[in-house]
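Throughout, a chain's letter reflects where its sequence line sits, starting with A, and its residues are numbered from 1.
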Amino acid sequence: MSQKLPLSFYTNENVVEVARNLIGCRLYTQLGGVLTGGIIVETEAYNGRTDKACHAFPEKRTERTSVMYEQGGVAYVYFVYGMHYLFNIVTHKKGFADAVLIRAIEPLEGVEEMMLRRGKNVSSKLLTGGPARLSEALGIDKSMNGLSLLDSTVWVEEPLPQISYKIGASTRIGVDYAGEDALLPWRFYAIGNKFVSK
DNA sequence: TAGGTGATCTTG
DNA sequence: AAGATCACCTAT
């Protein structure tokens, strides 16, 4: 039985709440019949109307940001620093450009495949800790941009019932260019989890 | 801690 | 058309 998160989870109008709620949920991809996934342990919220750190601020529509304006529940994948794909989840109603960046997962499924994709003989913590690392481990690239999370290539499932996390909040990482909005406590993480940044 | 890397956006 | 920037990672 599928435990995919329902559309209503993603259409929530409060992206900060969604970012917090995603901690403990499980992110999966299935590519060529190979299942990989892990528990989400670090997220950041971005708001396209109020938040200077958001690519879509202030309600900016470009080719890159266009998927952020779709109804919540699709993937927003973008390429940075000439090397890395970062995976985000679009939230809110159609026409509102909000998204949650997934910054780290704890491996759960398909560990061998994830190690192969990451190349190198990488230590456990570096396998899926960090937004570009988890994308590489899960095989995420630009071809997933705009895919529905209710479909079967990339999706999110409810938390495992037997595990609960203490959730911490802090400022977001790498958004100093956003001035005072860099001070917003919109990063969430599972306290004590080793896959969380720094 | 510095350098790699190229898409994306802004300026002119 | 050109230049600056960038929600990062890896190796020194």
Those residues of residues 174-187 of chain A lying under 4.0 Å from DNA chain C by at least one heavy atom: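 Hits under 4.0 Å, by residue number: Gly174(A), Val175(A), Tyr177(A).
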Calculate the interatomic distance between [X] atom [atom1] and [N] atom [atom2]; express it in whole Å.
| X | N | atom1 | atom2 | answer |
| --- | --- | --- | --- | --- |
| Met83(A) | dA7(C) | CE | C1' | 15 Å |
| His84(A) | dC8(C) | NE2 | C1' | 5 Å |
| Ile173(A) | dC6(C) | CD1 | P | 16 Å |
| Tyr85(A) | dC9(C) | OH | P | 15 Å |
| Glu42(A) | dC8(C) | CD | C1' | 13 Å |
| Ile140(A) | dC8(C) | CD1 | C1' | 15 Å |
| Glu63(A) | dT10(B) | CD | C1' | 16 Å |
| Asn47(A) | dA7(C) | CG | P | 16 Å |

Ring-on-base stacking dG6(B) with Tyr81(A) (under 5.5 Å, under 30°):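 Given the distance and angle limits, no, they do not stack.
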Which sits closer to the 5' end of DNA chain B, Val80(A) or Lys60(A), going by the nucleotide each is nearest to?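 The residue closer to the strand's 5' end, by nearest nucleotide, is Val80(A).
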Before accepting this row, confirm whether a basic side-chain N of the pair Asp98(A)/Lys93(A) lies closer than 4.0 Å to the acidic partner's carboxylate O.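 A salt bridge is absent here (no side-chain N lies under 4.0 Å from a carboxylate O).
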Mark yes or no: [X] above the aromatic ring of [Y], with NZ or CZ under 6.0 Å from the six-membered ring centre and no more than 45 degrees from the axis.
| X | Y | result |
| --- | --- | --- |
| Arg187(A) | Tyr189(A) | yes |
| Arg103(A) | Phe188(A) | no |
| Arg49(A) | Phe57(A) | no |

Using 30° and 60° as the class boundaries, would you call the ring planes of Tyr85(A) and Phe79(A) parallel, tilted or perpendicular?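 Because their plane-to-plane angle lies in the 30° to 60° range, the rings of Tyr85(A) and Phe79(A) count as tilted.
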Report the relative orientation of the aromatic rings in His92(A) and Phe96(A); use parallel for angles under 30°, tilted for 30 to 60°, perpendicular for over 60°.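 Parallel, since the angle between the ring planes stays under 30°.
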Within the structure, does a side-chain N or O atom of [X] lie under 4.0 Å from either OP1 or OP2 of [N]?
| X | N | result |
| --- | --- | --- |
| Arg133(A) | dT10(C) | yes |
| Arg64(A) | dC9(B) | yes |
| Arg172(A) | dC8(C) | no |

For the atom pair CE (Met115(A)) and OG1 (Thr36(A)), what is the distance rounded to the nearest 0.5 Å?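 Nearest 0.5 Å value for the CE-OG1 distance: 14.0 Å.
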Name the one of Arg118(A), His84(A), Arg117(A) that satisfies side chain to side chain donor-acceptor pair (under 3.5 Å) with Glu136(A)?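 Looking at Arg118(A), His84(A), Arg117(A), the match for Glu136(A) under the side chain to side chain donor-acceptor pair (under 3.5 Å) is Arg118(A).
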Transitively linked via ILVMFWY side-chain contacts under 4.5 Å: Ile105(A) with Val154(A)?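 Yes, same cluster.
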Return the nearest nucleotide to the side chain of [X]; candidates are [options].
| X | options | value |
| --- | --- | --- |
| Phe79(A) | dT10(C), dC8(C), dG6(B) | dG6(B) |
| Lys142(A) | dT8(B), dT10(C), dA7(C) | dT8(B) |
| Arg118(A) | dC9(C), dC9(B), dT10(C) | dT10(C) |
| Leu101(A) | dC8(C), dA7(C), dC9(B) | dA7(C) |

Quick one: the dot-bracket string of DNA chain B, using Watson-Crick and G-U wobble pairs with both distances under 3.5 Å, [ ] for crossing pairs and | for bases paired to another strand. ||||.||||||.
Shortest non-hydrogen contact between Pro107(A) and Phe195(A), atoms and distance: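 For Pro107(A) and Phe195(A), the tightest heavy-atom pair comes out as CD-CZ, 3.3 Å.
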With heavy atoms under 4.0 Å as the rule, sort Ala53(A) into base, sugar-phosphate or nothing.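 Touches a base.
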